[in-house]
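Comments concern the structure below.
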There are 2 protein chains.
Amino acid sequence: MQKELENLTIGALARAAGVNVETIRFYQRKGLLPEPDKPYGSIRRYGASDVTRVRFVKSAQRLGFSLDEVAELLKLEDGTHCDEAREQAERKLADVRIKLADLRRIERALAELVERCCAATGQVRCPLIEALQQNPVG
Amino acid sequence: MQKELENLTIGALARAAGVNVETIRFYQRKGLLPEPDKPYGSIRRYGASDVTRVRFVKSAQRLGFSLDEVAELLKLEDGTHCDEAREQAERKLADVRIKLADLRRIERALAELVERCCAATGQVRCPLIEALQQNPVG
DNA sequence: CTTGACTCCGTACTTAAGTACGGCATTAAC
DNA sequence: GTTAATGCCGTACTTAAGTACGGAGTCAAG
């Protein structure tokens with residue numbers, strides 16, 4: 001089914017992951033993506049796991065993680081340094097739960113907004129901003 | 001209770017919102033924050049609603065919204081252009097729900113990671129990356 | 001009435017995350 | 001077997017989001 005996702009050139013990888021070729025090279029420099037060997041000749045080949053990884057990076061980014069944070073997330077899954085990883089993961093998990101709470105509040109606020117918007121004419125006091133009031137940190 | 005949050009100078013506002021003074025001025029230039037009048041003399045004064053607004057911007061940012069997107073969110077709540085606003089809000093809501101789904105997957109993955117991490121010794125095949133596989137867009 | 005902290009404003013610098021460019025090598029297609 | 005498309009690599013440019021800086025004005029305290 002995804003046999004065509006093996007043995008990709010860098011251009012094909014970029015296309016498959018929906019990013020620019022230069023972005024791939026940039027991620028390699030940053031250590032977010034391994035630089036594979038050049039099996040035949042002098043051209044690197046990539047596989048489905050690379051596509052997955054690039055997509056992961058982009059998704060995490062859209063959720064407000066910086067590339068450095070994504071790199072930390074990726075380090076968690078290599079299985080080594082188990083205890084460090086657990087602590088890291090716990091901290092990330094706390095972050096993620098705060099984000100979830102914030103997002104849920106925004107979701108509610110937007111849903112209410114949509115609900116009321118054309119129902120109530122005139123003054124629509126919407127709870128969007130209030131949604132993020134109860135924020136502990138800065 | 002928040003009487004001390006009225007009549008703030010820009011410095012006090014920045015401190016109250018946990019950002020740099022320059023950030024306040026930057027947000028004003030961007031139209032994310034109103035530039036109030038100078039009631040006495042030539043110094044502007046700010047109130048609690050400004051603190052709230054700056055905090056909102058920072059929170060939304062941590063969730064992956066750009067300042068331009070935050071500006072759009074803020075425009076939604078002024079009550080004018082009701083039908084445009086509703087469509088906008090619906091689109092934002094769809095975005096937010098995708099983000100929520102992604103974040104929940106990351107949450108699950110991190111929780112599993114923490115769970116297993118010190119339980120299973122050695123090979124920890126963690127589902128972090130897989131969490132964001134099923135992403136429709138790019 | 002001066003001094004130190006702060007404001008105002010414009011301009012310039014910085015960092016993160018790409019994106020583009022130019023020159024050379026290689027390889028697939030005709 | 002030439003040539004157009006890619007790949008490789010290094011360096012330079014761009015955009016978003018601040019951050020810093022410098023000079024002039026202002027205000028409250030001593």
Side-chain angles (χ1 to χ4, degrees), chain A residues 4-47 50-51 53-74 137-138, chain B residues 4-47 50-51 53-74 137-138:
Chain A
E4 69 270 19
L5 285 187
E6 289 303 330
N7 241 35
L8 304 172
T9 64
I10 193 172
L13 167 60
R15 243 170 284 127
V19 304
N20 195 309
V21 170
E22 305 299 327
T23 302
I24 303 289
R25 300 191 357 82
F26 177 69
Y27 286 177
Q28 289 177 334
R29 274 180 248 146
K30 278 249 157 186
L32 288 164
L33 196 67
E35 242 176 299
D37 305 330
K38 308 168 178 175
Y40 5 84
S42 59
I43 290 188
R44 295 179 213 288
R45 296 305 175 137
Y46 301 84
D50 298 302
V51 179
R53 194 169 252 246
V54 175
R55 282 189 185 287
F56 175 80
V57 173
K58 293 312 267 182
S59 298
Q61 251 185 326
R62 277 186 291 121
L63 295 171
F65 294 96
S66 70
L67 289 187
D68 283 358
E69 289 173 324
V70 175
E72 282 172 30
L73 285 176
L74 288 172
V137 280
Chain B
E4 68 270 20
L5 285 187
E6 287 305 331
N7 241 36
L8 305 173
T9 64
I10 194 171
L13 167 60
R15 242 170 286 128
V19 305
N20 195 307
V21 169
E22 305 300 326
T23 303
I24 302 289
R25 299 191 359 81
F26 177 68
Y27 286 176
Q28 290 176 334
R29 273 179 250 146
K30 279 249 156 187
L32 287 165
L33 197 66
E35 241 176 301
D37 305 329
K38 307 169 179 176
Y40 4 85
S42 59
I43 288 188
R44 295 179 212 289
R45 297 303 175 139
Y46 302 84
D50 298 303
V51 179
R53 195 169 251 246
V54 174
R55 283 190 184 287
F56 175 79
V57 173
K58 294 312 270 182
S59 298
Q61 252 185 328
R62 277 186 291 121
L63 294 172
F65 294 96
S66 71
L67 290 186
D68 283 357
E69 289 172 325
V70 175
E72 282 172 29
L73 285 176
L74 289 172
V137 280

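So you know, we letter chains A, B, ... as the sequences are listed, proteins then strands, and number each from 1. Predicted model only: the values in this text are computed from it and were never measured.
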Give every donor-acceptor pair under 3.5 Å between a side-chain atom in residues 23-36 of chain B and any protein atom, sequence neighbours left out.
| unit_1 | atom_1 | unit_2 | atom_2 | d |
| --- | --- | --- | --- | --- |
| B/Gln28 | NE2 | B/Tyr46 | OH | 2.8 |
| B/Glu35 | OE2 | B/Arg44 | NH2 | 3.2 |

Going by heavy atoms closer than 4.0 Å, what residues in residues 65-73 of chain A are next to DNA chain C? A/Ser66, A/Leu67
Protein-nucleic acid N or O pairs under 3.5 Å, nucleotides 3-10 of chain D:
| unit_1 | atom_1 | unit_2 | atom_2 | d |
| --- | --- | --- | --- | --- |
| D/dG7 | OP1 | A/Thr9 | OG1 | 2.5 |
| D/dG7 | OP1 | A/Gly11 | N | 2.9 |
| D/dC8 | OP1 | A/Arg44 | N | 2.8 |
| D/dC9 | OP1 | A/Arg44 | NH2 | 3.1 |
| D/dC9 | OP2 | A/Arg44 | NH2 | 2.7 |
| D/dG10 | N7 | A/Arg25 | NH2 | 3.3 |

Does A/Arg55 use its side chain to pair, donor to acceptor, with the backbone of A/Ala16 at less than 3.5 Å? yes
Contacts of type salt bridge (Lys or Arg N to Asp or Glu O under 4.0 Å), residue B/Arg53, not counting sequence neighbours: B/Glu77
Would you check if B/Leu8 and B/Arg45 make a side-chain contact, meaning some heavy-atom pair closer than 4.5 Å? no
Roughly how far, to the nearest 0.5 Å, is CG of A/Leu73 from CZ of A/Phe56? 5.0 Å
Separation of A/Asn7 CG from A/Ile43 CD1 (nearest 0.5 Å): 11.0 Å
Under the rule for salt bridge (Lys or Arg N to Asp or Glu O under 4.0 Å), what residues qualify as partners of B/Glu72, not counting sequence neighbours? B/Lys92
Can you pull the contact range of chain A along DNA chain C, 5' to 3', using atoms under 4.0 angstrom from its heavy atoms? C/dA17 to C/dT27
All heavy atoms of A/Ala14 vs all of A/Asn20, minimum pair found to be CB-C, 3.9 Å
